[in-house]
Student: 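Structure in structure tokens, see below.
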Protein chains: 2
Amino acid sequence: MSVLKLLEAQKAGMTLADRQIAEFILDDPGRMLELSSAALAEATGRSQSSVVKFSQKLGYAGYQQLKLAVNKAKALEWHAPGGVIHGTIDASDSYVTILQKLIGSKLLSMRETSSANNEEAVDAALAKLSSARKVLLAGVGASSLVAADFSYKLLKLGRTVLLNSDSHIQISNASALDESDALMALSHSGRSVETVRIAELAKRRGATVISVTGMQTNPLAELADIRLFTVADEDRVRSSAITARDAQLMLMDMLFIMLLRYQTDANDFIHDSESAVTVFKV
Amino acid sequence: MSVLKLLEAQKAGMTLADRQIAEFILDDPGRMLELSSAALAEATGRSQSSVVKFSQKLGYAGYQQLKLAVNKAKALEWHAPGGVIHGTIDASDSYVTILQKLIGSKLLSMRETSSANNEEAVDAALAKLSSARKVLLAGVGASSLVAADFSYKLLKLGRTVLLNSDSHIQISNASALDESDALMALSHSGRSVETVRIAELAKRRGATVISVTGMQTNPLAELADIRLFTVADEDRVRSSAITARDAQLMLMDMLFIMLLRYQTDANDFIHDSESAVTVFKV
DNA sequence: CGAAACTTGGAATATTGTATTCCGAAATGA
DNA sequence: TCATTTCGGAATACAATATTCCAAGTTTCG
């Protein structure tokens, strides 16, 4: 995940001084690289110590490390894939342009989502998903559809999965969890009331909570044992959670494919389930 | 030109001290980024001032600038081989390779789906979707989730949508259609029994049938009034309908975005529905 | 051949930059 | 309203970097 995206996402929740510094960096990352902590402080009208503290709050050891991260983000930014257009979709766009921009946005979200998650978190999630006695999936709205898609895949792998779009039933299911179970909770905002409640309940029951949320600080990720992240490109595809959903799907698809490797008998299950479905074909 | 390439090229013509420093950096650029000029001097057995002079001889203002250059070179190098990879995902692939191949397959499906549909068919579908009194969505398995996703979007646009995963209820709904209504039937194979039955019924009732199927000849597309197509990349992402689903979603997302242009009051609806949902956020 | 001029690279030092501590002010909460 | 926490700047301690200076080794040329 690029620092710049991280800043963008967290900016809103920052204090005044931090936000001013973040804005300066986002506005002109190249300039920031030439500035010392004191110079950046002067340019933003804050104190040098605030700049250092800002760096540390972001998780870096100090200002130098933040600089390196910004430098890296800037270097990678250049690398736009060929034939893909990144731009805001607007009403005057032609049919072809809309398609190109839509694909571009989807691709961007998928790429950033794939780099937003480190291998350790993914491994931890995989280990728990494959060892858990049962897996409860939670999500409302668009996230519930992603949850349903994933549950469908887990079922194909022969795993025990609980899913219900009715939040009362989800709560009941969560109450029945224990240490050997896992809850996978999806919410791009990380703030959907029902999903957070279910996660709290599951955690109290001792189940492992895996969160799938956006990068901004949010209650769901905070209480989770294993945190996975999705990155959306909402600015470009206005309205509706299109790229947020794509990012979630991308992450779940990846988990599914990785689970196939964990589980040696996976292909048998999939084959069985697919030939069973063939009965319903014309 | 990356600093690392530059070092490699100039190394031979350097003095002893400089060559030792260059070698250390080439050997482990990541390590160098963590070291101060003094620490690097110690590690190479030279003096701190030599390190600074080395940086300046290369054309940088100082050691810090050299560090930024190395950091950038490293970032680009790491990212360079990571374009879009088209290949079959197999068990021995690394984490990063799986991600790249998965994204590559998704991208391929989306691109081919976008070129598989001509603008006339899309326009006809849009016209019917926005003028129909009510829209019935049909699909089973993974397609039902795509249908649900689309119904969610249509609801946001204030349209009357019928959707139910229970095929008996879907049949009842189809029986109640007439000429002013539309049925959108999704099935990648075009052969799912329930979906085909519903489409036949809807057609008999005089409703406009829009099919969303794969490109191969299939019963569903044959009886449809408007045919839309999806292209999957199943060969590469083995098992399960990942890219078929992505292609369907891509098509539906595109329809949704185009509907936004048809319908001038669309943004009001979306805004209302989104602020209504905000009530449920923590 | 040998002294002047130049190069190399380290020690010492000056300069600059970074991180921590401390404290008052503001916000938060009981 | 008073206690507690958070925020952010000033001062300061600490660290890193850049420059200067010098000794030893090289080259140049009378």
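Fair warning: this is a prediction, and the values are worked out from it, not measured in the lab. Just so we're on the same page: letters track the sequence lines, and every chain starts at 1. Just the heavy atoms: all of them, side chains too, but no hydrogens, waters or symmetry mates, feed the values below.
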Student: Rounded to whole Å, how long is the line connecting atom CE of A/M32 with atom C1' of C/dG17?
Tutor: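 About 14 Å, once rounded to whole Å.
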Student: Quick one: do B/D253 and A/R245 make a salt bridge, cutoff under 4.0 Å?
Tutor: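 Salt bridge between B/D253 and A/R245, a charged N being under 4.0 Å from a carboxylate O: yes.
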Student: Students should find this one: the first and last nucleotides of DNA chain D, 5' to 3', lying under 4.0 Å from a heavy atom of chain B. What are they?
Tutor: D/dA16 to D/dT20
Student: How is A/T15 classified with respect to the nucleic acid when contacts are heavy atoms under 4.0 Å: base, sugar-phosphate, or nothing?
Tutor: sugar-phosphate
Student: Take atom CG of B/D18 and atom C1' of C/dG9, then tell me their distance rounded to the nearest Å.
Tutor: 9 Å
Student: For A/T113 versus A/V231, what's the shortest heavy-atom pair and its separation?
Tutor: OG1-N, 3.0 Å
Student: How long is the line joining CD of A/Q48 and C1' of C/dT18, in whole Å?
Tutor: 6 Å
Student: Considering the options B/D28, B/V70, B/I25, which one meets the side chain to side chain contact (heavy atoms under 4.5 Å, CB included) requirement together with B/L33?
Tutor: B/V70
Student: How close or far is atom P of C/dG17 from atom CD of B/Q64, stated in whole angstroms?
Tutor: 10 Å
Student: Which ones in residues 34-47 of chain A lie close to DNA chain D, meaning a heavy atom under 4.0 Å from one of its atoms?
Tutor: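 Within this stretch, A/R46, A/S47 sit under 4.0 Å of the strand.
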Student: Separation of B/Y63 atom OH from C/dG17 atom C1', in whole Å?
Tutor: 15 Å
Student: Under a 3.5 Å cutoff, is there a donor and acceptor pairing between the side chains of B/S55 and B/Q65?
Tutor: no
